[in-house]
Amino acid sequence: MYTVMLDLKDRSVLVVGGGKIATRRIKGFLQEGAAITVVAPTVSAEINEWEAKGQLRVERRRVKKEDVLNVFFILVATNDKDVNRFVKQHIKSDQLVNMASSFSDGNIQIPAQFSRGRLSLAISTDGASPLLTKRIKEELSSNYDESYTQYTQFLYECRVLIHRLSVSKSRKHELLTEIIDDQYRLSLVKQREFLQQIEKYK
C-alpha cells in the first residue's frame with residue numbers, strides 16, 4: 001500500500017452504514033469539509049444531530065446502485081455481507097473505496113490517525129494487528145502532545161516569512177533548521193524573539 005494525504009474538501013463522500021464505525025469516520029470527513037451522504041436504514045444519534053445541523057444528508061434505506069454512481073469516495077461500514085457485495089459489484093475502477101469490515105476488499109485503507117494543528121500522524125499495520133495499531137497511536141499521542149498544535153502553526157508562519165527574505169539559500173536553511181529545536185516548541189518567548197529576529201532581515 002502507498003500512503004498519501006487525501007484532500008476531501010467539497011468532495012462527494014458516500015457512507016454506507018450508520019453505526020459506530022461510520023460515525024467515527026464521519027467525524028474525520030466533516031473536519032475535512034467533505035460533502036457527505038449517509039445511506040442506512042438506521043443511524044446513530046450523532047449522525048442524526050449532524051443531519052439536523054445540515055452538515056450531511058441521510059437516506060434511511062438500503063443502498064441502491066444510483067447511490068454509488070459518480071461518488072469520489074465510498075466508505076462501507078456495515079457487517080451485512082450482501083450490502084458489501086452489492087457495493088463492490090457496482091463501483092467503478094476509478095473510485096476510492098474503503099470496506100471497513102474487510103481491508104482487502106476495498107482499494108484504500110484508512111489508517112489510525114490524529115492531528116496536532118498542522119501535524120498529522122497516521123499509523124497502519126496493513127491489517128496485521130488493529131490492536132498494535134491502537135497501542136502505537138496511544139504512544140504517539142502521548143509523545144506528540146497539544147504543544148505541537150501551536151508550535152506547528154509557528155513553524156508554518158516562520159517558513160512563509162523566511163522564504164520571502166532576501167538572504168542566501170544557505171541562510172534560509174540555517175534559520176529553518178534552528179526553529180525545529182525543542183526550545184522553540186516549549187517557549188512562546190523564544191518564538192516571539194525569533195519572529196522579531198526575522199523582522200530585522202526585511
>> Set out, in order, the CA-CA distance, both residues' side-chain angles and the distance that settles side chain to side chain contact (heavy atoms under 4.5 Å, CB included) for E59 and V38, then state yes or no.
In response: CA-CA 6 Å; E59 296 289 342; V38 179; over 6 Å; no
> Given Q95 and I74, is the side chain to side chain contact (heavy atoms under 4.5 Å, CB included) satisfied, shown in steps?
Replying inline: CA-CA 8 Å; Q95 289 179 295; I74 301 170; 3.9 Å; yes
>> As a quick check of understanding, evaluate side chain to side chain contact (heavy atoms under 4.5 Å, CB included) for T78 and S101, giving each step before the final call.
In response: CA-CA 7 Å; T78 169; S101 62; over 6 Å; no
> Between R185 and F154, is a side chain to side chain contact (heavy atoms under 4.5 Å, CB included) present by the stated rule, with each step listed?
Replying inline: CA-CA 9 Å; R185 177 176 64 87; F154 161 74; over 6 Å; no
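Atom CZ of R171 is surrounded by more than 12 heavy atoms from other residues, nucleotides or ligands within 6.0 Å. By the neighbour-count criterion of 12 heavy atoms within 6.0 Å, atom CZ of R60 is densely surrounded, having more than that number from other residues, nucleotides or ligands. Other residues, nucleotides and ligands contribute at most 12 non-hydrogen atoms within 6.0 Å of the CZ atom of R135. Around CG of N79, the count of heavy atoms belonging to other residues, nucleotides or ligands within 6.0 Å does not exceed 12.
D67 places a side-chain N or O within donor-acceptor distance of the main-chain N or O of K64, the cut-off being under 3.5 Å. Without hydrogens or angle criteria, S142 side chain to E138 main chain gives no donor-acceptor distance under 3.5 Å.
Checking Q153 against E157 by side-chain atom types alone, a donor-acceptor pair falls below 3.5 Å. No side-chain N or O of Q109 forms a donor-acceptor pair with one of N98 less than 3.5 Å apart. No side-chain donor-acceptor contact under 3.5 Å links E174 and T177.
In this structure, CZ on R159 lies 7.5 Å from CG on L176, to the nearest 0.5 angstrom. Note that CD1 of I26 is 9.5 Å distant from CD of E46, once rounded to the nearest 0.5 Å. Taking CG of L132 as the start and CD1 of I123 as the end, the distance is 10.0 Å to the nearest 0.5 Å. Taking CD1 of I198 as the start and CD of E193 as the end, the distance is 13.0 Å to the nearest 0.5 Å. A distance of 9.5 Å separates CG in D94 from CG in N107, rounded to the nearest 0.5 Å. A distance of 9.5 Å separates CG of N84 from NZ of K88, quoted to the nearest 0.5 Å.
Within the 4.5 Å cutoff, no side-chain heavy atoms of V13 are placed close to those of V71. Contact check for D181 versus I179: no side-chain heavy atoms found under the 4.5 Å cut-off. Residues L14 and L75 fail the side-chain proximity criterion, which asks for heavy atoms closer than 4.5 Å. Between L161 and L165, the closest side-chain pair of non-hydrogen atoms is not below 4.5 Å. Side-chain contact check for V87 versus V63: some heavy-atom pair is nearer than 4.5 Å. Contact of the F114 side chain with the L140 side chain is registered, since non-hydrogen atoms from C-beta on lie closer than 4.5 Å. F194 has its side chain out of reach of K190: every pair of non-hydrogen atoms, C-beta onward, lies at least 4.5 Å apart. Looking only at side-chain heavy atoms (C-beta outward), E49 and Q55 stay at 4.5 Å or farther from each other.
Hydrophobic clustering (ILVMFWY, side-chain heavy atoms < 4.5 Å, transitive): I36 and L6 are in one cluster. Under the 4.5 Å side-chain contact rule for hydrophobic residues, M99 and I21 do not share a cluster. Under the 4.5 Å side-chain heavy-atom criterion for Ile, Leu, Val, Met, Phe, Trp and Tyr, L186 and L119 are members of distinct hydrophobic clusters. Cluster membership check: L121 shares its hydrophobic cluster with L155, using side-chain heavy-atom separations under 4.5 Å among Ile, Leu, Val, Met, Phe, Trp and Tyr.
Using a 4.0 Å cut-off between a side-chain N of Lys or Arg and a carboxylate O of Asp or Glu, K137 and E139 do not qualify as a salt bridge. The existence of a salt bridge linking E32 and R11 is excluded, since no basic side-chain nitrogen approaches an acidic carboxylate oxygen closer than 4.0 Å.
Smallest separation of non-hydrogen atoms from S12 and F72: OG-N, 3.0 Å. Heavy atoms only, all atoms of each residue included: R118 and T152 are closest at N-OG1, 3.1 Å. In terms of heavy-atom proximity, L175 sits nearest to I162 at CB-CD1, 3.7 Å. Closest of all the heavy-atom pairs between P111 and S124 is CB-CB, 4.0 Å. Residues S120 and M5 approach most closely at CB-CE, 3.9 Å, considering heavy atoms. Scanning both residues, T23 and G18, for their nearest heavy atoms gives OG1-O, 4.1 Å.
Partners of K20 according to the side-chain contact (heavy atoms from CB on, under 4.5 Å) rule, which considers only residues two or more places apart in sequence or in another chain, do not exist here.
In this structure, R116 is not positioned above the aromatic face of Y144 in the sense of NZ or CZ being under 6.0 Å from the six-membered ring centre and within 45° of the axis.
Between Y184 and Y151, the gap from one ring centroid to the other reaches at least 6.0 Å.
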